[in-house]
> 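Before anything else, here's the structure in question.
First the proteins, then the strands, lettered A, B, ... as listed; each starts at 1.
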There are 2 protein chains.
Amino acid sequence: MTTPIPNPAQRPRADATKDALIRAAVAVFGRDGFQAASTRAIAQEAGVNQALIKYHFANKQGLYDAAIQSIADRMGTEVLPIFHAIEANRVEDDPAASLFALKRMLGAMIGLLAREDAANWAQLIVREQQSPGPAFLKIYDGIMAPALTTMARLVNVLDPAGRLGDPKLLVITLVGQVLVLRVAHATMMRFVGWDRIGDKELEEIRARIGRNLDRLFAETEHAP
Amino acid sequence: MTTPIPNPAQRPRADATKDALIRAAVAVFGRDGFQAASTRAIAQEAGVNQALIKYHFANKQGLYDAAIQSIADRMGTEVLPIFHAIEANRVEDDPAASLFALKRMLGAMIGLLAREDAANWAQLIVREQQSPGPAFLKIYDGIMAPALTTMARLVNVLDPAGRLGDPKLLVITLVGQVLVLRVAHATMMRFVGWDRIGDKELEEIRARIGRNLDRLFAETEHAP
DNA sequence: TTGACTAATTTAATCGTTTGATTAATTTCA
DNA sequence: TGAAATTAATCAAACGATTAAATTAGTCAA
């Protein structure tokens with residue numbers, strides 16, 4: 001009824017429509033938010049008829065869920081390889097390797113969040129964070145929690161005695177240093193005097209976070 | 001016409017209405033966002049007639065601007081005293097005092113952002129940040145820029161040689177560590193296993209940020 | 001290769017509801 | 001009494017959702 005039985009015969013045509021709708025949905029939902037984004041605007045941006053939203057995704061919420069899912073998938077394919085590379089290397093007893101892995105993970109997050117071409121879907125994630133719905137849980141369980149847990153384990157290697165306090169809360173503050181680039185984007189750009197984030201600015205941000213990590217995990221030689 | 005000439009005679013009645021509308025506007029705008037918040041819902045929450053929004057604030061946008069302004073005023077009265085206390089003390093050549101002042105400023109921000117009773121208006125600010133309108137400039141120029149500039153000056157005292165790099169970008173990452181409490185609230189609460197932010201959690205967050213600052217500005221190269 | 005047949009997909013038009021805005025009448029109070 | 005403030009009722013516009021008709025494309029008998 002509402003969900004037609006898939007037929008391999010005419011799949012390509014339908015898939016192209018669904019792709020166009022999801023791509024437009026990410027852009028418009030990210031720019032305007034769920035409520036402010038109209039199904040008519042999304043359909044126009046996708047270049048398809050408005051009624052196709054109901055046909056392919058049941059309703060507006062269904063299209064939104066599909067857009068979130070597509071972002072989660074993309075984040076997974078971009079971030080998970082980094083996880084696996086880290087897990088492959090045995091960093092359990094190598095602080096230097098752990099620090100390097102931590103920098104790599106945060107550097108990847110910077111690349112994902114700071115780039116201007118990612119503004120739309122990054123903002124969609126940020127919005128979803130603020131009023132977490134069912135879609136949020138999917139991203140949290142699939143991406144956020146694994147990433148945070150991995151980072152907490154790396155922190156544990158760097159600070160096995162726990163002198164720095166709860167690793168989890170520490171990881172949150174690390175993520176915050178990256179998240180601020182998107183969340184307080186307008187404030188940051190004004191304050192540091194940038195008008196866009198290019199490769200140069202991207203590298204400056206990575207260096208900034210890297211230095212913060214170096215200081216945070218430096219061995220303070222309280223020589224008597 | 002649209003803006004009635006103020007008449008001292010019946011001021012109190014009108015002021016009570018305006019206050020109720022602004023209070024409700026902060027709550028509903030913060031909870032639902034500008035578009036999703038309906039003027040009927042705001043009027044009902046305020047316990048007044050919907051048409052009074054036009055009468056007192058011209059239109060929905062006017063009420064939104066007034067709500068932003070009220071938040072800016074409140075932030076000013078809570079934050080500016082701390083600025084003045086810092087400016088009163090001469091910290092230009094006292095790293096210890098600068099570090100203490102920095103902790104105090106970030107601690108005040110934590111108190112403003114992390115408390116659950118501030119969720120509504122804090123979220124309103126976060127939303128405004130993501131799609132900065134004219135109202136954003138008011139808050140940026142009035143609160144954000146002065147705060148960030150003061151913090152950058154404190155950082156300069158702690159790192160006069162500039163070994164840590166651009167103070168402004170460093171300040172942004174410091175603010176990010178606080179902002180994350182509100183922006184990634186749902187993620188943080190789940191990850192650290194909290195269900196609410198009470199006094200205990202608030203103190204834990206302050207301690208976390210304090211330790212981060214200690215490490216960041218610790219003297220590593222100094223011999224005894 | 002045709003050309004009717006069928007299901008999947010797309011389209012234009014319209015439904016009822018909600019929205020912000022507005023009006024005219026009413027109430028309040030010095 | 002009169003200006004200010006409030007109220008109930010209504011407006012046009014935009015919204016998500018829905019319908020029925022039109023179009024597309026693969027299937028298969030001839």
> Counting side-chain heavy atoms from CB outward, which of D:dT7, D:dA17, C:dT11 is closest to A:K60?
D:dA17
> Check whether A:Y140 forms a cation-pi arrangement with B:R190 (NZ or CZ under 6.0 Å from the six-membered ring centre, at most 45° off the ring normal).
yes
> Whole-Å distance between C:dT22 P and B:K54 NZ?
4 Å
> A cation-pi test, strictly: NZ or CZ of B:K60 under 6.0 Å from the centre of the six-membered ring of B:F29 and no more than 45 degrees from its axis. Yes or no?
no
> Using whole Å, report how far NE2 of B:H56 lies from C1' of D:dA5.
6 Å
> Do B:Q69 and B:D73 have side-chain N/O donor and acceptor atoms under 3.5 Å apart?
yes
> Under 4.0 Å, counting only non-hydrogen atoms across every strand here, what does B:A43 touch: a base, just sugar-phosphate, or nothing?
nothing
> Think B:T17 has a side-chain N or O under 4.0 angstrom from the OP1 or OP2 of D:dT6?
yes
> Output the single nucleotide from D:dA5, C:dT10, C:dG20 whose closest atom is nearest the side chain of B:Y55.
D:dA5
> Measure CG/B:L52 against C1'/D:dT7 and give the value in whole Å, please.
8 Å
> Round to the nearest Å and state the distance from A:N59 atom CG to D:dT19 atom P.
14 Å
> Could you verify whether a donor N or O on one side chain and an acceptor N or O on the other, from B:Q35 and A:D32, lie under 3.5 Å apart?
no
> Return whichever of A:N49 or A:R40 has its heavy-atom-nearest nucleotide of DNA chain C closer to the 5' end.
A:N49
> Just to be sure I understand the rule, does A:A36 reach a base, reach only the sugar-phosphate, or reach nothing, if contact means heavy atoms closer than 4.0 Å?
nothing
